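These figures come from a predicted structure and were not determined experimentally.
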Amino acid sequence: MRVKKRRFDQSLVYLTRKFMELVKKAPDGVLDLNEVATLLGVRKRRVYDITNVLDGIHLIQKRSKNVIQWIGSNLDQLLGKVPEQENLRDEISSLSAMEEALDELIKDCAQQLFELTDDKENAKYPYVTYQDIRSIQAFHEQIVIAIKAPEETKLEIPIPKEDCIEVHVKSTNGPIDVYLCEVEQEKPSAKTSDKMDTVTSETEPSVPPDEG
């Protein structure tokens, strides 16, 4: 009594998987298609359907009418790359989720900043003082220049020369104020507070609200 094989068993995908298993086991990847048809239990025409595709994408070559040889990538190495590819896919998925979260955070910060600056009541508060700048550790022993300029002011810094650095600031909407904030490394001393007060009185006023 014959039992009809499932349609999937006869499908080209299933047969191709079985064919590749035979290729992997074959010495030097050489297969006799007559033997393949017998082992797979299909007509040789079905085997030719597989080999014609593989030959078309240059993964096998015909050594004779019924003998082929695998010339593609090493199957053991190819199969070994599957976990690595899955790890890369997981990493990409994780990075995409992180990127999406950061985009949402940036969007939220931008919205909060817009609401803060759009409020006229807050207009008098967005400024920094000379003391604020002095308190930033990263600015110690650095030359700090604060610029108060109207909107659409253009600032250009040409390629630095060996002996100097140039900064070009141009405005067509009003005057530009430039403040040199000397931020030096403070040394412990009894005169430190007196010196700071003196510098402050000379250097302030505070950098105004619309400072760039």
Is the NE2 atom of H168 crowded by more than 12 outside heavy atoms at less than 6.0 Å?
yes
How far does OG1 of T38 sit from NZ of K44, to the nearest 0.5 angstrom?
8.5 Å
Inspect the surroundings of CD1 in I165 and state if more than 12 heavy atoms from other residues, nucleotides or ligands are less than 6.0 Å away.
no
Report the C-alpha distance between D132 and T129 in whole Å, list the side-chain angles of each, state the deciding distance to 0.1 Å, and finish with yes or no for side-chain hydrogen bond (donor to acceptor under 3.5 Å, both in side chains).
CA-CA 5 Å; D132 293 331; T129 67; 3.1 Å; yes
Is a side-chain N or O of H140 found less than 3.5 angstrom from the main chain of S135, in a donor-acceptor match?
no
Got a donor-acceptor contact below 3.5 angstrom from the Q69 side chain to the R63 backbone?
no
Grouping I, L, V, M, F, W and Y whenever their side-chain heavy atoms are under 4.5 Å apart, do W70 and V67 come out in a common cluster?
no
Taking a hydrophobic cluster as the set of Ile, Leu, Val, Met, Phe, Trp and Tyr residues connected by side-chain heavy atoms closer than 4.5 Å, whether directly or through intermediates, do I71 and F19 fall within one such cluster?
no
Is a side-chain N or O of S94 found less than 3.5 angstrom from the main chain of D90, in a donor-acceptor match?
no
List the steps and the verdict of side chain to side chain contact (heavy atoms under 4.5 Å, CB included) for I50 and V36.
CA-CA 11 Å; I50 298 172; V36 171; over 6 Å; no
So, the side chain of D32 versus the backbone of N34: is there a donor-acceptor pair under 3.5 Å, distance only?
yes
As an exercise, state the distance from NZ of K25 to CG of L31, rounded to the nearest 0.5 Å.
11.5 Å
Going through the distances and angles, do L22 and L39 end up as a side chain to side chain contact (heavy atoms under 4.5 Å, CB included)?
CA-CA 9 Å; L22 295 177; L39 292 171; 4.1 Å; yes
Give me the one residue out of V47, V53, D49 that meets side-chain contact (heavy atoms from CB on, under 4.5 Å) with T51.
V47
Can you tell me how far CD of E91 sits from CG of L95, rounded to the nearest 0.5 angstrom?
5.5 Å
State whether the number of non-hydrogen atoms from other residues, nucleotides or ligands found under 6.0 Å of E115 atom CD is greater than 12.
yes
Could you give me the CA-CA distance, side-chain angles and deciding distance for K18 and E21, then say whether side chain to side chain contact (heavy atoms under 4.5 Å, CB included) is met?
CA-CA 5 Å; K18 290 296 184 180; E21 291 177 4; 3.8 Å; yes
More than 12 non-hydrogen atoms from neighbouring residues, nucleotides or ligands closer than 6.0 Å to CG on D103, yes or no?
yes
Could you give me the CA-CA distance, side-chain angles and deciding distance for I147 and L155, then say whether side chain to side chain contact (heavy atoms under 4.5 Å, CB included) is met?
CA-CA 10 Å; I147 300 175; L155 184 146; 3.8 Å; yes
Is N173 reaching over with its side chain to a backbone N or O of E151, donor-acceptor style, under 3.5 angstrom?
yes
